[in-house]
Amino acid sequence: MTNEPKQDEAGDGKSHPDHTHEEINGYCATYIFKAPRVLDNDGVKDFARELMKAIAEAVMRHGATDVGHIKAHLEYGGEGFLYADTLGDVSDIMVRGRDGSPTDTIKLVINTIIVDIEAPQIRDANEEGVDEVCSKLGFTKEILRQDLYDADDHEHLLQAPDYDNL
Amino acid sequence: MKIVQIAGYLGSGKTTLVVALGKEISGAGFKVAILVNEVGEVPVDGKVIQEFGLTVKDIGGGCICCQVAGNLLHTLKALSMGIKPDFIIIEPTGMAVPNAVRDVMKPAAGKLDLTMGPTIVLLDTGRFEKLLSYETLKRLVAVQLKDADVIALSKVDAVPVEQRAKAEAAAREINPAARVLGLSTFTREGIPEIIAAMKDMVIA
Ligand SMILES: Nc1nc2c(ncn2[C@@H]2O[C@H](COP(=O)(O)OP(=O)(O)OP(=O)(O)O)[C@@H](O)[C@H]2O)c(=O)[nH]1
Ligand SMILES: [Mg+2]
């Protein structure tokens with residue numbers, strides 16, 4: 001319906017499909033958290049909620065104009081999982097999932113996608129928020145993996161897809 | 001294999017809708033595969049969708065409209081040679097430009113037996129004014145809406161009717177040609193219309 005050709009704003013004759021990404025950067029991490037005692041489902045939910053709030057506040061302190069989306073998947077107690085997320089307002093922190101058995105160990109993957117601050121700052125803010133909650137609730141954290149996503153690194157279609165060899 | 005794209009800015013409700021559509025359409029006897037493109041290499045959305053027992057393929061570590069376009073095509077090829085779903089629902093990142101994603105797939109449509117279905121773009125009725133007020137975001141949000149065949153005004157359960165009317169006016173101004181409907185995945189408002197659009201609309 002609205003398939004107008006994209007504008008060649010850079011004037012180099014190439015299409016620039018990602019020209020609108022510029023100011024959105026991200027940090028993604030995988031953790032194992034240990035609680036100071038065995039938690040029930042509500043305990044895990046409270047932890048997730050506190051994390052979302054602390055990280056959202058920390059990125060704003062670091063100068064973000066907007067929380068794009070902070071979202072996490074938590075695995076705990078066998079079949080238990082939670083999806084926790086926030087778009088920045090304390091009132092919209094959402095935590096939902098499936099109950100697990102009581103546990104002191106939580107595996108968590110987080111994607112923190114933020115507007116107008118650089119990826120290393122998002123990482124610092126994210127870890128500040130995580131550490132704050134851990135020390136408040138007596139948790140320990142182990143980071144299994146960290147990745148930074150910087151919109152400036154986005155290359156414009158490095159290689160055209162190879163349709164002939166599909 | 002009919003391709004349906006569920007796009008829209010970060011946090012507009014795409015994954016929540018994709019899970020609901022996946023459950024409903026597979027419950028009606030169709031084979032459905034979900035492709036999720038995420039910023040991070042370790043997915044969150046992919047894990048969440050999988051928890052609901054749906055078939056999901058993650059395309060992580062970059063944007064399918066530019067950086068990892070080749071991965072998208074290879075995933076589509078694998079589906080065409082494997083389970084051949086009736087519907088392939090694609091959730092790009094909240095930063096993706098929907099027509100750029102479509103442009104990657106279109107040249108492969110004949111070879112991979114793809115039918116191009118509608119691009120459904122979500123606009124968060126609670127947040128659209130804030131987003132359109134940011135210099136850095138308004139262009140992205142507008143570009144996404146311009147590429148929509150269907151604009152779903154999302155989370156209408158959470159806003160007063162006047163707010164919904166404002167969102168509708170903003171959406172129609174940006175893209176007068178699109179179908180516009182109210183969506184609440186929580187109350188199911190708009191879901192039957194979206195499923196009808198997925199089945200009926202073919203985009204040349
Ligand atoms: N009130 C309300 N909230 C919703 C609705 N749909 C989704 N949400 C909430 O909106 C938030 C974001 O939803 P997601 O489905 O993760 O959004 P998304 O567009 O997939 O996010 P990204 O993939 O990060 O861009 C979550 O807290 C959802 O629970 C709805 O119909 N009504
Ligand atoms: Mg999502």
Side-chain angles (χ1 to χ4, degrees), chain A residues 1-4 6 15-30 65-73 75 79 81-83 85-89 92 94 96-98 109-113 115-116 144-145 147 149 151 153-164 166, chain B residues 9-11 15 38-48 51 60-63 65-67 69-70 72-74 76-77 93-97 99-104 107-108 111-112 118-119 124 126-127 130-131 134-137 139-140 143-144 146-149 158 175 177-178 203-204:
Chain A
M1 265 180 187
T2 50
N3 291 321
E4 319 144 308
K6 276 173 288 294
S15 84
H16 289 260
D18 63 342
H19 63 262
T20 44
H21 293 179
E22 267 81 57
E23 313 301 335
I24 304 173
N25 299 310
Y27 168 67
C28 304
T30 307
T65 48
D66 187 50
V67 167
H69 199 184
I70 303 170
K71 55 185 178 178
H73 177 270
E75 279 172 55
E79 292 285 285
F81 89 90
L82 291 175
Y83 175 51
D85 82 313
T86 181
L87 304 175
D89 299 325
D92 72 16
M94 194 82 83
R96 281 172 295 150
R98 181 175 55 227
V109 176
I110 195 163
N111 285 6
T112 300
I113 315 297
V115 184
D116 282 340
L144 302 184
R145 177 175 176 152
D147 295 291
Y149 297 91
D153 295 342
H154 281 201
E155 285 298 331
H156 306 280
L157 273 181
L158 277 179
Q159 259 183 319
D162 182 2
Y163 293 100
D164 293 337
L166 267 181
Chain B
Y9 184 67
L10 295 164
T15 301
E38 292 191 68
V39 176
E41 218 122 1
V42 184
V44 170
D45 290 0
K47 284 179 192 286
V48 172
E51 301 280 10
C63 175
C65 80
C66 42
Q67 297 161 306
L72 169 61
L73 293 173
H74 285 119
L76 292 174
K77 185 179 180 188
T93 70
M95 293 106 95
V97 175
N99 274 358
V101 178
R102 184 180 291 187
D103 289 349
V104 169
K111 241 178 174 172
L112 300 181
T119 296
D124 187 330
R127 300 219 324 143
K130 194 172 165 191
L131 300 178
Y134 293 136
E135 247 349 278
T136 43
L137 295 182
R139 191 163 65 141
L140 169 60
V143 165
Q144 291 178 335
K146 278 188 186 139
D147 287 353
D149 302 304
N175 183 348
I203 310 298

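Fair warning: this is a prediction, and the values are worked out from it, not measured in the lab. Reminder, nothing fancy here: chain letters follow the sequence lines and each chain counts from 1.
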Closest-packed option against chain A by number of heavy-atom pairs under 4.5 Å, given B:L112, B:T15, B:D45:
B:D45

Find the one option among A:T30, A:I113, A:D147, A:L166 whose heavy-atom pairs under 4.5 Å with chain B are most numerous.
A:L166

Which portion of A:A72 sits near chain B, non-hydrogen atoms under 4.5 angstrom
backbone

Around atom CD of A:E79, are there more than 12 heavy atoms of other residues, nucleotides or ligands at under 6.0 Å?
no

Look only at the side chain of B:K111 and the backbone of A:D164, and say whether a donor-acceptor pair between them is shorter than 3.5 Å.
yes

Below 4.5 Å from any heavy atom of chain B, which atoms of A:D85 appear? Answer side chain, backbone, both or neither.
neither

Please flag which part of B:P118 lies under 4.5 Å from any non-hydrogen atom of chain A: side chain, backbone, both or neither.
neither

Correct closest heavy-atom pair for A:C28 and B:G40 would be SG-CA, 3.4 Å

Answer with side chain, backbone, both or neither: which region of B:L72 has an atom nearer than 4.5 Å to a non-hydrogen atom of chain A?
neither

Among the options B:G94, B:P43, B:P107, pick out the one with the most heavy-atom pairs lying under 4.5 Å from chain A.
B:P107

Can you list the steps and then say if A:Y27 with B:V39 is a side-chain contact (heavy atoms from CB on, under 4.5 Å)?
CA-CA 9 Å; A:Y27 168 67; B:V39 176; over 6 Å; no

What's the separation between atom OG1 in A:T65 and atom OH in B:Y134, rounded to the nearest 0.5 Å?
5.5 Å

Measure the spacing between CD of B:E51 and CG of A:L82 and express it to the nearest 0.5 Å.
9.5 Å

Please name all residues satisfying ring pair (Phe, Tyr, Trp, His ring centres under 6.0 Å) with A:H73, sequence neighbours left out, ordered by chain then number.
A:F81

Under 4.5 Å from a heavy atom of chain B, the part of A:E75 involved
side chain

Bottom line for B:L76: the part with an atom under 4.5 Å from chain A's heavy atoms is neither

Side chain, backbone, both or neither: which part of A:V109 has a heavy atom under 4.5 Å from chain B?
both

For the atom pair CG (A:L87) and CG (B:D124), what is the distance rounded to the nearest 0.5 Å?
6.5 Å

Specify which of A:D116, A:I110, A:V67 makes the most heavy-atom pairs with chain B at under 4.5 Å.
A:D116

N-O pairing of B:R127 and A:D92 below 4.0 Å:
no

Kindly compute the distance separating CG (B:L10) from NZ (A:K71), expressed to the nearest 0.5 Å.
7.5 Å

I'd like to know if the side chain of A:R145 reaches the main chain of B:V42, judged simply by a donor and an acceptor atom lying under 3.5 Å from each other, with no hydrogens or angles considered.
no

Interatomic spacing from CD1 in A:I24 to CG in B:L140 - rounded to 0.5 Å:
5.0 Å

Sort B:K47 into side chain, backbone, both or neither according to what part of it lies under 4.5 angstrom from a heavy atom of chain A.
both

Residues forming a side-chain hydrogen bond (donor to acceptor under 3.5 Å, both in side chains) with B:E38, sequence neighbours excluded:
A:N111

Under a 3.5 Å distance rule, please check whether B:Y9 uses its side chain to pair with a backbone N or O of A:G68 as donor and acceptor.
no

